[in-house]
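Okay, structure first, notes after.
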Amino acid sequence: MDKEYNPKIIEDNVQEFWELNKSFSTSLNSDRKDNFYCLSMFPYPSGKLHIGHVRNYTIGDVISRAMRMTGKTVFQPMGWDSFGLPAENAAIQNKVHPEVWTRKNIEHMKNQLMKLGFSYDWEYEITTSDSKYYRWEQWFFLKLLDKDLVYRKKSEVNWDPIDKTVLANEQVIDGKGWRSGAEIERKEIPQWFLKISNYADELLRDLENLKQWPSSVLTMQRNWIGKSEGAIVQFQICDSDMTLDVYTTRVDTIFGVAFLAISPSHPFLKSRDDLSMEVLEFIDRCSSIKVSEETIGQIEKEGVKTDFEAVNPVSGEKVKVWLANYVLSDYGTGCVMSVPAHDERDFEFATKYNIPFKKVIKSNHSSDQNAYTGEGILINSGQYNSKKSSDARDDIIHFLQTKKLGKKKINFRLRDWGISRQRYWGCPIPVFYHLDGTMFPVPEADLPVELPNDINLNVDGNPLDSHPTWKYIKCPYTGKDAIRETDTFDTFFESSWYYLRFLSSNNSERIFDDNVDAWLPVDQYIGGVEHAILHLLYARFFHKLMRDFDLLSSSEPFTSLLSQGMVLKDGSKMSKSKGNTVDPDDIINKYGADTLRVFIMFAAPPDNNLEWSDTAIEGSYKFLKRLWSFAYQIKNAESTDEIDDERFRQINTKINKSIEKVTNDMFVRKNFNTAIATIMELLNELTKYADYNKRDNKLCFIALETILKILSPFAPHITQEIWWKCFDDRILMDERWPKSDKDALIEDIKEIVVQVNGKLRGRIQVDTGSDEAEVNRKVHEDEKLKKYLSNDIKKIIFIRDKIINYVI
RNA sequence: GCCCGGGUGGCGGAAUUGGUAGACGCAAGGGACUUAAAAUCCCUCGAGAGCAAUCUCGUGCCGGUUCGACUCCGGCCCUGGGCACCA
């Protein structure tokens, strides 16, 4: 054994062994009982691994390795979410084909993952841009089409009028196209949608079964789905037979309606040819607002009054119809009844345009500076006066129902999922059209519909649409001329089911092997908190769809979720544009993978954001060096003749307490930072003991064995190497996780905290389990503590083995 | 704007169920070893007062509950993430 710790040599050596030994390969045919499917969110192959990936994948690998040591058969695969926008951008900027660029990135990043020593079973690697993967996506889409779970409708996109292309939200900067700088326009185009709304109720309900998900994620999903109970109310347009439907959850405030506010893209406006210039101008102005709820929420509320009036179906009052830019076109009916006294947004709008309004709910707050949005007793509401909000709602809905002017309605905020993208680098949607526009599915036998390799990306609009030949086909059913769909799937489509395909990656005959149910749901899923809503909701949705097609039998994809915080540098997200990225390769070259793994897990608990520091990592490196020299020292030493029994007992207790703590941190709390701190503490203690002239070297070996085992998930290379040097030639990851010796944990003396009025005044040593009287007696014997207790003691609060508090 | 987090020494963090605030580590300062440096090891390290024992203050801010609050409740400030075409 060398005296010096040399991570480079050790890591190469251990990694070579793992590869030759096929240490990470998993047989997927084993029984359900002992299976453990551990999955980290697969990356988009953007070029290089960043520290955020390292953090995500270290957490996954630590859990995988630790679970394996408890006797589980662990499956931990890895793959590439390789369709997406950056490949097309890179292609345009650097004139590289997206596929070439993607392949190169994958090769580099895979190499980086290998150097980090992650225990992936690469046999099951998935690349989503490979037709071996996406053909099954197309296959599944055809099933959805067959069951009417997909449909086409017109919907708005951000349109760049110069580049003649659809822009993603992130490509719109300050309302302008990122490349052309042109003011964007909202444009309606036909798009494909998936009926996620059919599953809204189930997606909401099943959140209750996800006991091992962070409650913040559950809340976010619940709010996103946004189930609300309200009513649809019909307002008749005066001097017309047209009506405007309103959705409201506060029908009890209907007497307070000051105006109707409709979205500038409401269909009602398209049906009228008598709109004023002002209105037309306003509609035009709104059409340059980006299609994003964030933007709509932040813009200054503006509107314009129309000449239309509508009749309040309950009060009979006439109110003006306004266009308002804060009304969402695709939530509810795209038209709201505005009650400024009891809604913040309406209040702001009414104040701005001096629209008079009245209060209809009694409230204690006298301020006229804002709206009262709570419930209460009705006023100014005719026959409904002095009713409670909830009763009034029932009565008013009943009234509307009998008049056929409204009804109860359960509404969801969740909208159907638009899956069409007008881009090249995505999975082709497997349908085609006859020249008359009739749509047909591509026959299953003709799958996959592959992307053409020769593509010119420097064209207006969707490159597939401009391809000279690709879209022109003969209809396989009739032989007539036909045109392929040139839209491709949203890349969330691929990431919604990759965790399923991992279990059958190499099956070219079927989407899934028979073994899927033996491995599902995924036992542990780990990924960035930024995916808390969209990706996780879509994956849950796909799982339920797959279940309903009898492809699997569980209802939820991920039993336990760990949503990890982001890695920040200088307080913000690392990005190339800010020039604050950290290349893991540099760290590995300087300190080795083990140091990086230990540091990233030590620096913060997994769900915190992590502030990267170039210097703090030194501490982890020093720790591994100390571990190496401890092993070196005891290997070359022997027990002394005379052993200090008291010291032996202390060290033995420390070892067992450490096992206890690390086991809990690792498997229950998943707070890896404190697990590592505990191991550091133990090593510090042992280093002192190893220098002690009455030490038992055998105990040092027992301690070393323990440390190697409990540290191995974090630092798998150094621990394996020391194991080989100091113990035997077995594989450390196949050893069993240590169990603490309960007898060694028992302490016969406890330190009790003595407080007076809750303030710390001292500590005393007592026998474990001493009762109040005994402790009280000892406190009174203590010279220092006695003086605090001269006054009358009103009360004593005593907690065995912990504190005694005197209230005086 | 709406939804979900977070705020503790110079810094990252610990305190697991309301019971010792600052474990572990970084940085800094001092020392040992060395011709010197690196590496390593030892000591100090929340603020203030005091020769000292010790005392007072201290977990973003204001208020509340409690014998006792980083922890629970109400209000506010700052900050990170998401907002449906970044992934």
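Reckoned from all heavy atoms, side chains included, excluding hydrogens, waters and symmetry mates. Chain letters run A, B, ... following the sequence lines, proteins first, then strands; residues in each count from 1.
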Next item on the list: With RNA chain B as reference, determine whether A/Glu618 or A/Arg669 sits nearer its 5' end, using the nearest nucleotide of each.
Entry: A/Arg669
Notebook entry, point to check: In terms of the nearest nucleotide of RNA chain B, which residue is placed more toward the 5' end: A/Gly619 or A/Gln191?
Noted result: A/Gly619
Notebook entry, point to check: Checking side chain to side chain donor-acceptor pair (under 3.5 Å) against A/Arg421, which of A/Thr488, A/Asp487, A/Asp490 comes through?
Noted result: A/Asp490
Calculate, to the nearest 0.5 Å, the distance between atoms [atom1] and [atom2] belonging to [X] and [Y] respectively.
X        : Y        : atom1 : atom2 : answer
A/Thr127 : A/Tyr134 : OG1   : OH    : 12.0 Å
A/Ile679 : A/Asn684 : CD1   : CG    : 12.0 Å
A/Ile51  : A/Thr58  : CD1   : OG1   : 9.0 Å

Report the nucleotide, chosen from [options], that has the shortest atom-to-atom distance to any side-chain atom of [X].
X        : options             : result
A/Val753 : B/C86, B/G12, B/U20 : B/U20
A/Ser216 : B/G81, B/G5, B/A14  : B/G5
A/Ile799 : B/C26, B/A84, B/G19 : B/G19
A/Arg626 : B/A23, B/C86, B/G25 : B/G25
A/Arg763 : B/U20, B/C3, B/A84  : B/U20
A/Val157 : B/A14, B/A84, B/C85 : B/C85
A/Thr615 : B/A27, B/C85, B/A84 : B/A27
A/Leu85  : B/A87, B/C85, B/G13 : B/A87
A/Pro605 : B/U20, B/A14, B/U54 : B/A14
A/Lys622 : B/C24, B/C83, B/U40 : B/U40

Does the gap between the ring centers of [X] and [Y] come in under 6.0 Å?
X        : Y        : result
A/Tyr326 : A/Phe349 : yes
A/Trp417 : A/Tyr538 : yes
A/Trp497 : A/Tyr133 : yes

Between atom [atom1] in [X] and atom [atom2] in [N], what is the gap in whole Å?
X        : N     : atom1 : atom2 : result
A/Arg55  : B/G12 : CZ    : P     : 14 Å
A/Phe492 : B/G82 : CZ    : P     : 11 Å
A/Met41  : B/G81 : CE    : P     : 17 Å
A/Asp614 : B/C26 : CG    : P     : 15 Å
A/Met601 : B/G13 : CE    : P     : 15 Å
A/Lys688 : B/C24 : NZ    : C1'   : 13 Å

Below 4.0 Å: OP1/OP2 of [N] and any side-chain N or O of [X]:
X        : N     : answer
A/Arg421 : B/C85 : yes
A/Arg761 : B/C55 : yes
A/Asn684 : B/A23 : no
A/Asn223 : B/C4  : yes
A/Asn609 : B/G6  : no
A/Tyr5   : B/U40 : no
A/Lys625 : B/A39 : no

Note to self: Within the structure provided, determine whether A/Phe493 and A/Glu137 are in side-chain contact (heavy-atom separation under 4.5 Å).
What the structure shows: yes
Contact class for [X] (heavy atom, under 4.0 Å): base, sugar-phosphate, or nothing?
X        : result
A/Ser292 : sugar-phosphate
A/Phe602 : base
A/Ala603 : sugar-phosphate
A/Trp224 : base
A/His531 : base

On a whole-Å scale, what distance lies between the [atom1] atoms belonging to [N] and [M]?
N     : M     : atom1 : value
B/C76 : B/C2  : P     : 11 Å
B/U17 : B/U71 : P     : 14 Å
B/C72 : B/C57 : P     : 24 Å

Next item on the list: Would you please enumerate the stems RNA chain B participates in, each stem being three or more consecutive Watson-Crick or G-U wobble pairs with both distances under 3.5 Å?
Entry: B:1-7 with B:77-83, B:10-12 with B:24-26, B:28-32 with B:40-44, B:46-49 with B:54-57, B:60-64 with B:72-76
Check: Can the positive tip of A/Arg186 be found less than 6.0 Å from the middle of the six-membered ring of A/Trp159, inside 45° of the ring normal?
Finding: no
Next item on the list: With A/Lys795 as the cation and A/Tyr806 as the aromatic partner, state whether NZ or CZ is under 6.0 Å from the six-membered ring centre and within 45° of the axis.
Entry: no
Item checked: A/Glu294 (side chain) and B/C2 (base): donor-acceptor pair under 3.5 Å -> no
Margin query: Would the base of B/U16 count as contacting A/Asn664 through its side chain, where contact means a donor and an acceptor less than 3.5 Å apart?
Written below: yes
If you look only at distance, which donor and acceptor atoms sit under 3.5 Å apart when one is on a side chain in residues 665-675 of chain A and the other is two or more places apart or in another chain?
| unit_1 | atom_1 | unit_2 | atom_2 | d |
| --- | --- | --- | --- | --- |
| A/Asp665 | OD1 | A/Lys661 | NZ | 3.4 |
| A/Asp665 | OD1 | A/Arg669 | NE | 3.1 |
| A/Asp665 | OD1 | A/Arg669 | NH2 | 3.2 |
| A/Asp665 | OD2 | A/Lys661 | NZ | 3.2 |
| A/Asp665 | OD2 | A/Thr674 | OG1 | 2.9 |
| A/Asp665 | OD2 | A/Ala675 | N | 3.2 |
| A/Arg669 | NH2 | A/Thr674 | OG1 | 3.2 |
| A/Lys670 | NZ | A/Gln524 | OE1 | 3.1 |
| A/Thr674 | OG1 | A/Asn671 | O | 3.1 |

Item checked: Sidechain-backbone polar pair: A/Ser197 side chain, A/Asp416 backbone, donor-acceptor under 3.5 Å -> no
Notebook entry, point to check: Sub-3.5 Å donor-acceptor pair from the side chain of A/Asp160 to the main-chain atoms of A/Gly177, do we have one?
Noted result: no
At a cut-off of 3.5 Å, list every protein nitrogen or oxygen paired with a nitrogen or oxygen from nucleotides 66-75 of chain B, distance to 0.1 Å.
| unit_1 | atom_1 | unit_2 | atom_2 | d |
| --- | --- | --- | --- | --- |
| B/C67 | O2 | A/Asn805 | ND2 | 2.2 |

Next item on the list: Just label B/G82 as syn or anti from its O4'-C1'-N9-C4 or O4'-C1'-N1-C2 angle, using within 90° of 0 for syn.
Entry: anti
